[in-house]
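Here the structure is laid out as structure tokens; the discussion comes afterwards.
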Amino acid sequence: MKPAGTALTAVAALAAAATAVVSAFAIDGGSRTLAVLPLAVAGGVLVGVLALTRFAAYVLLMLAVRPLLDLFKLSGPTAGTGSDGGSARALDPSTLVGVLFLLAAGLWLAAQARAGKRAKTSPLGIALILVAATGAVSTLGSAQPQSSTLEILRILTVVAMFLVLEQLLPRRGMVRRVLFAVYLSLALALAYTLVMSLLGSPPSEVKGSFTRISGPFSQSTTFGRYLMFMVIFGCAIYRFLGRRAKVGLGVLLVLSLGFLALTNTRSAILGAAIGLVVVAVLHRSARLLVTLGLAAVAAIAVAPGVADRFAQLGEAREVGGGPTGNTLAWRADYWSQVVTLANRNPLTGIGPNMTQRETDEAKKPHNDFLRAYVETGVLGLLAYLGLIVLCLHTAALALRRAPPGTFDRGIAVGFAGCAVAFVAVSAASNVISNVVTLWYFVAFAAMAGLVAARRPVEEH
């Protein structure tokens with residue numbers, strides 16, 4: 001080993017040892033923040049070096065490990081509290097990693113543009129930029145600028161991920177590498193959930209009379225939507241994979257469907273069903289439709305709580321009621337309250353992430369279209385609608401241009417299913433708040449954009 005390499009290794013070893021000692025004392029003293037921060041700083045330095053030297057590898061690493069970062073979250077759930085987590089959320093490893101990713105992505109994109117290597121941004125990329133831009137404008141009128149700014153930074157990481165992948169995916173072999181990283185993240189998330197469940201401490205949260213699996217995330221809804229996209233896209237590309245890859249993905253999909261049912265997230269379960277029907281129809285696969293029906297029966301048999309959750313849609317629940325029950329009726333009542341908040345500033349809204357601070361229930365709108373209007377005004381709503389339209393347009397264009405029987409076709413079908421599910425779930429949920437989920441959605445979108453641009457994936 002060269003002297004420089006030996007010195008670097010020694011420095012890294014000493015840093016790791018010092019970090020471990022500080023964290024150990026912090027844990028012993030009962031301070032979760034002091035325990036996590038040294039690890040976050042040390043990891044950030046190492047990842048920062050990777051970002052500056054091997055940017056493509058850095059992006060793949062981020063995609064692979066992003067779900068696990070929530071295991072070290074310092075801020076707790078904020079629904080119903082009227083808070084966004086404050087300084088604890090700003091110090092979350094996921095937030096710090098997001099800021100680092102923004103800086104690294106910005107520098108890399110600027111370097112690509114300066115070298116004349118940056119390709120033209122797609123209309124979908126421009127729509128994402130406009131969504132973030134209208135949010136940034138609305139931040140200027142927010143009653144809590146710090147909270148709104150933090151939300152915009154989170155959304156900007158999604159925009160940056162899409163723009164970066166647009167530039168990286170045309171490189172030879174990159175699509176396969178990104179897919180591997182994406183489904184490696186699923187394997188890690190499922191492995192953690194499975195191991196903890198076998199040890200008798202399943203990662204979960206209790207809502208009303210239900211215990212819901214949350215995986216490596218702080219909320220079961222986030223885990224459910226993450227699994228929703230993974231299952232839809234995975235089923236679409238499955239037939240185009242090699243033998244060994246089919247076995248691996250098949251195991252992941254079966255486990256994902258099981259844990260999706262155990263999240264008891266109705267919107268994600270319905271979204272997955274809608275997306276899988278789209279995949280089955282586009283692939284003209286009666287087998288997938290039959291499998292979907294059998295999976296629904298199995299879910300009810302293995303997890304009877306799923307049937308009970310859907311049965312609650314027939315119950316009454318008023319605004320201010322308990323955490324379970326007829327949440328559809330609750331949503332309708334809550335929406336009628338939330339929409340009036342936009343009257344203060346209908347053009348640019350009350351500011352990102354402000355709805356939960358302005359209502360008695362202290363909850364987000366559970367409707368991304370309404371949220372776009374209330375928090376970012378008419379300008380933000382138009383940008384969000386443009387994003388939805390361009391997602392569907394990209395899916396349709398990819399379907400039209402993907403040759404039948406090719407891996408490109410699987411990607412086009414997969415994103416079509418994900419896009420339809422995204423629109424459906426957005427109408428009754430806070431999908432735009434699940435930034436970790438959106439990272440993978442835009443990864444699939446960037447792949448579909450490559451197909452739509454008549455650039456065969458299998459050649460890259």
Side-chain angles (χ1 to χ4, degrees), residues 120-135 154-166 169 175 178-179 182 225-226 228-237 267-268 270-272 274-279 281-282 367-373 376 379-402 408-455 457:
K120 185 178 179 181
T121 303
S122 68
L124 182 54
I126 294 174
L128 280 166
I129 293 172
L130 288 176
V131 167
T134 53
R154 296 173 72 243
I155 293 174
L156 279 173
T157 66
V158 178
V159 179
M161 178 58 75
F162 180 82
L163 296 178
V164 162
L165 289 177
E166 268 196 323
L169 287 175
V175 170
V178 169
L179 275 176
V182 166
R225 290 165 197 150
Y226 168 77
M228 175 186 76
F229 288 130
M230 293 296 185
V231 166
I232 294 171
F233 200 84
C235 286
I237 64 173
S267 60
L270 285 174
I274 292 170
L276 288 173
V277 168
V278 171
V279 170
V281 170
L282 292 175
N367 183 315
D368 285 332
F369 299 92
L370 177 61
R371 182 179 185 181
Y373 171 59
T376 58
L379 293 179
L381 176 60
L382 290 175
Y384 188 71
L385 290 174
L387 173 64
I388 294 295
V389 170
L390 284 169
C391 279
L392 296 174
H393 174 71
T394 299
L397 197 58
L399 286 170
R400 189 160 63 245
R401 293 179 174 176
D408 293 46
R409 179 70 181 179
I411 286 177
V413 170
F415 180 64
C418 288
V420 172
F422 176 80
V423 175
V425 176
S426 287
S429 300
N430 304 305
V431 184
I432 203 70
S433 300
N434 296 147
V435 171
V436 58
T437 300
L438 293 181
W439 267 31
Y440 301 99
F441 178 74
V442 298
F444 298 148
M447 293 178 198
L450 191 65
V451 176
R454 297 184 186 275
R455 304 173 77 174
V457 168

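Bear in mind the structure is a predicted one, so any value in this text is a computation, not a measurement.
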Do the side chain of Arg409 and the main chain of Leu399 share a donor and acceptor less than 3.5 angstrom apart?
yes

Residue of the set Phe415, Trp439, Phe233 for which ring pair (Phe, Tyr, Trp, His ring centres under 6.0 Å) holds with Phe444
Phe233

So CG of Leu124 and CG of Leu397: to nearest 0.5 Å the spacing works out to 11.5 Å

Side chains of Leu387 and Leu130 in contact at under 4.5 Å (non-hydrogen atoms):
no

Could you go through the side-chain hydrogen bond (donor to acceptor under 3.5 Å, both in side chains) check for Glu166 and Ser122 one step at a time?
CA-CA 8 Å; Glu166 268 196 323; Ser122 68; 2.4 Å; yes

Rounded to the nearest 0.5 Å, how far apart are CG of Asp368 and CG of Asn434?
9.0 Å

Looking at Ile232 and Gly271, what are the two nearest heavy atoms and their distance?
CD1-O, 3.8 Å

Side chains of Thr376 and Leu381: closer than 4.5 Å at any heavy-atom pair?
no

Side-chain (Arg225) to main-chain (Ala268) donor-acceptor, under 3.5 angstrom:
no

Please find the pair of heavy atoms, one from Pro123 and one from Leu390, that lie closest to each other, and give the distance.
O-CD1, 3.3 Å

Of the non-hydrogen atoms in Val451 and Ala402, which two are nearest, and what is the gap between them?
CG1-CB, 3.7 Å

State the CG-OG1 distance between Leu382 and Thr134, to the nearest 0.5 angstrom.
9.0 Å

Indicate the atoms forming the closest heavy-atom contact of Val425 with Ser267, along with that distance.
CG2-O, 3.4 Å

Can you tell me how the ring of Tyr384 sits relative to the ring of Phe422, calling it parallel under 30°, perpendicular over 60° and tilted otherwise?
tilted

Give me the atom names and distance for the closest heavy-atom approach of Ala448 to Ala398.
O-CB, 3.6 Å

Student check: side-chain heavy atoms of Met161 and Thr157 closer than 4.5 Å
no

Does the side chain of Cys418 come within less than 4.5 Å of Met228's, by heavy atoms?
no

Taking the side chain as everything from C-beta on, heavy atoms only, tell me whether Met447 gets closer than 4.5 Å to Leu179.
yes

Begin from the C-alpha positions of Ile411 and Val175 and carry the test side-chain contact (heavy atoms from CB on, under 4.5 Å) through to its verdict.
CA-CA 10 Å; Ile411 286 177; Val175 170; 4.0 Å; yes

Between Ala416 and Ala395, the two heavy atoms sitting closest are CA-CB, 3.7 Å

With heavy-atom distances below 4.5 Å as the criterion, would you say the side chains of Ile432 and Ser426 are in contact?
no

Might you work through the side-chain contact (heavy atoms from CB on, under 4.5 Å) test for Leu438 and Val431, ending with a clear yes or no?
CA-CA 8 Å; Leu438 293 181; Val431 184; 4.3 Å; yes

When rounded to the nearest 0.5 Å, the distance separating CG of Leu128 from CD1 of Ile155 is 10.0 Å

Note, Cys235 side chain near Leu276 side chain (heavy atom, < 4.5 Å):
yes

Contact between Asn367 and Asn430 at the side-chain level, heavy atoms closer than 4.5 Å - yes or no?
no

